[in-house]
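To start, the structure itself, in C-alpha cells.
In each ligand, atom 1 is the first atom listed, and ligand 1 is the first ligand listed.
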Amino acid sequence: MIIGVLALQGDFREHMEAIAACGHEALEVRRVSELEMCQALILPGGESTTIALLAKTYGLIEPLRKRISEGMPTYGSCAGMILLADRILDGVSGQETFGGIDMTVRRNAFGRQVDSFESELNFVGHQLRAVFIRAPWVEELGSEVEVISSVKTPAGEMHPVAVRQKHLMATSFHPELTHDLAVHRYFFDEVCK
Ligand code: GLN
C-alpha cells in the first residue's frame with residue numbers, strides 16, 4: 001500500500017519511518033497530485049492551526065475533505081486528531097478542520113493540567129507507553145465512534161484518547177515518537193482493511 005503523510009508541518013518524518021518499518025511505501029503529501037496517489041493517509045502531530053493554514057494555502061482542504069468523506073483510511077495523531085474532528089473546542093478564531101469523525105475535541109486539554117506526560121495504556125489488547133504533548137482529548141462523541149483507549153487525567157477523570165469511526169482513526173498521543181509499531185500496525189491491518 002502507498003501510505004501518504006501530510007507533510008506540511010510537524011513530525012511527519014517519524015510517521016514515514018513507522019510506515020516503512022511496517023513494510024509499506026510512504027509518500028510525503030504536499031500537493032493534490034500526491035494525495036491522489038495514496039491509498040491511505042496519516043495526519044501527523046504538530047500544530048493544527050499551522051497545518052490547517054498551510055493546507056488552505058496549498059489548496060488541499062477541499063481535496064482532503066473529499067477523499068476522507070469518500071472512504072480513504074486516515075489516521076491522525078495529536079494535531080492530526082484535531083484535524084479529523086468535526087468539532088473543536090479552544091481552537092483559534094476561525095480554525096478549520098478537515099473533519100470526518102463525529103466528535104468534539106478539546107485542544108491542549110491536558111495542557112491546562114500538565115503540558116506533556118507519558119502514560120501506560122491498553123490499545124486493543126496491546127500494552128503501550130503513550131507520549132502526550134500539549135495533547136487534545138475527546139470531550140463528546142457520536143454514536144458511530146468507537147473508543148479504543150482512554151486515559152485517566154491528572155485530575156482523575158477518564159477521557160478517550162484513541163477513537164475509530166469506520167475508516168478513520170485518531171489518537172491524542174504520538175506512537176510515531178516511540179518505537180512501538182502497534183498503533184500503526186492496527187491502522188494498516190484493521191482500519192485500512
Ligand atoms: N496542541 C497542538 C495543536 O493544537 C497539538 C500538539 C501536538 O500535536 N503535539 O495542534
Side-chain angles (χ1 to χ4, degrees), residues 3-19 26 28-30 41-58 60-61 64-65 68 74-101 103-121 123 128-141 148-155 157 159-164 168-184 186-187:
I3 317 285
V5 184
L6 189 62
L8 301 174
Q9 187 268 342
D11 65 357
F12 57 89
R13 288 179 195 86
E14 287 80 356
H15 278 293
M16 303 282 296
E17 283 164 20
I19 293 167
E28 291 183 7
V29 171
R30 295 186 189 82
L41 185 71
I42 293 182
L43 308 175
E47 179 49 55
S48 57
T49 52
T50 308
I51 297 174
L53 276 177
L54 289 169
K56 192 167 202 158
T57 308
Y58 283 57
L60 275 168
I61 292 202
L64 278 165
R65 284 187 181 142
I68 291 168
T74 306
Y75 162 45
S77 65
C78 202
M81 169 186 259
I82 296 166
L83 291 164
L84 278 179
D86 282 347
R87 298 167 296 280
I88 53 174
L89 296 169
D90 292 343
V92 300
S93 156
Q95 182 173 349
E96 288 193 84
T97 70
F98 310 142
I101 303 186
M103 63 178 174
T104 306
V105 157
R106 186 177 292 279
R107 285 182 68 223
N108 304 331
F110 295 97
R112 292 176 301 174
Q113 299 165 346
V114 301
D115 251 11
S116 39
F117 63 100
E118 295 188 15
S119 175
E120 285 287 328
L121 39 100
F123 183 89
L128 56 83
R129 187 131 198 95
V131 177
F132 294 83
I133 304 167
R134 293 175 56 74
W137 68 38
V138 179
E139 210 149 297
E140 172 267 320
L141 28 84
I148 307 177
S149 202
S150 296
V151 85
K152 196 181 241 176
T153 69
E157 302 160 14
H159 276 281
V161 291
V163 294
R164 174 178 177 182
L168 306 175
M169 181 176 96
T171 64
S172 304
F173 54 91
H174 294 268
E176 70 279 15
L177 298 183
T178 60
H179 291 290
D180 191 331
L181 295 171
V183 175
H184 288 88
Y186 179 81
F187 176 62

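For F117, the CZ atom sits in a packed shell: over 12 heavy atoms of surrounding residues, nucleotides or ligands are nearer than 6.0 Å.
Here the protein heavy atom with the shortest distance to atom 7 (C) of ligand 1 is C78 SG, 2.8 Å. Here the heavy atom of the protein found nearest to atom 2 (C) of ligand 1 is G46 O, 3.6 Å. The shortest contact between atom 1 (N) of ligand 1 and any protein heavy atom is with N108 OD1, 2.5 Å. Regarding atom 10 (O) of ligand 1, its nearest protein heavy-atom neighbour is S48 N, 2.5 Å.
Residue contacts with ligand 1: T49 is placed with no nitrogen or oxygen under 3.5 Å of a nitrogen or oxygen of the ligand (distance criterion only). Checked by distance only, ligand 1 and S77 stay at 3.5 Å or farther apart across all their nitrogen or oxygen atoms. An N or O contact shorter than 3.5 Å is missing between I82 and ligand 1 by distance. When only interatomic distances are considered, the shortest N/O to N/O separation between A79 and ligand 1 falls below 3.5 Å.
Residues forming a side-chain hydrogen bond (donor to acceptor under 3.5 Å, both in side chains) with R134 (at least two apart in sequence, or on another chain): none. Remark: S116 engages no residue in a side-chain hydrogen bond (donor to acceptor under 3.5 Å, both in side chains) (not counting sequence neighbours).
A side-chain donor-acceptor contact under 3.5 Å links T57 to the backbone of L53. Within the 3.5 Å criterion, the main-chain N or O of R106 finds no donor-acceptor partner in the side chain of D90.
Ligand 1 places these atoms under 4.0 Å from at least one heavy atom of H174: 7 (C), 8 (O), 9 (N). Against a heavy-atom cut-off of under 4.0 Å, R134 is close to the following atoms of ligand 1: 1 (N), 2 (C), 5 (C), 6 (C). Near G45, meaning under 4.0 Å from any of its heavy atoms, are these atoms of ligand 1: 8 (O).
Of all the heavy atoms of R107, the ones lying under 4.0 Å from any atom of ligand 1 belong exclusively to the side chain.
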V151/F110 under side-chain contact (heavy atoms from CB on, under 4.5 Å): CA gap, chis, key distance, verdict: CA-CA 11 Å; V151 85; F110 295 97; 3.7 Å; yes
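Rounding to the nearest 0.5 Å places CZ of F12 at 13.0 Å from CD1 of I42. To the nearest 0.5 Å, atom CE of residue M81 and atom CG of residue L168 are 12.0 Å apart.
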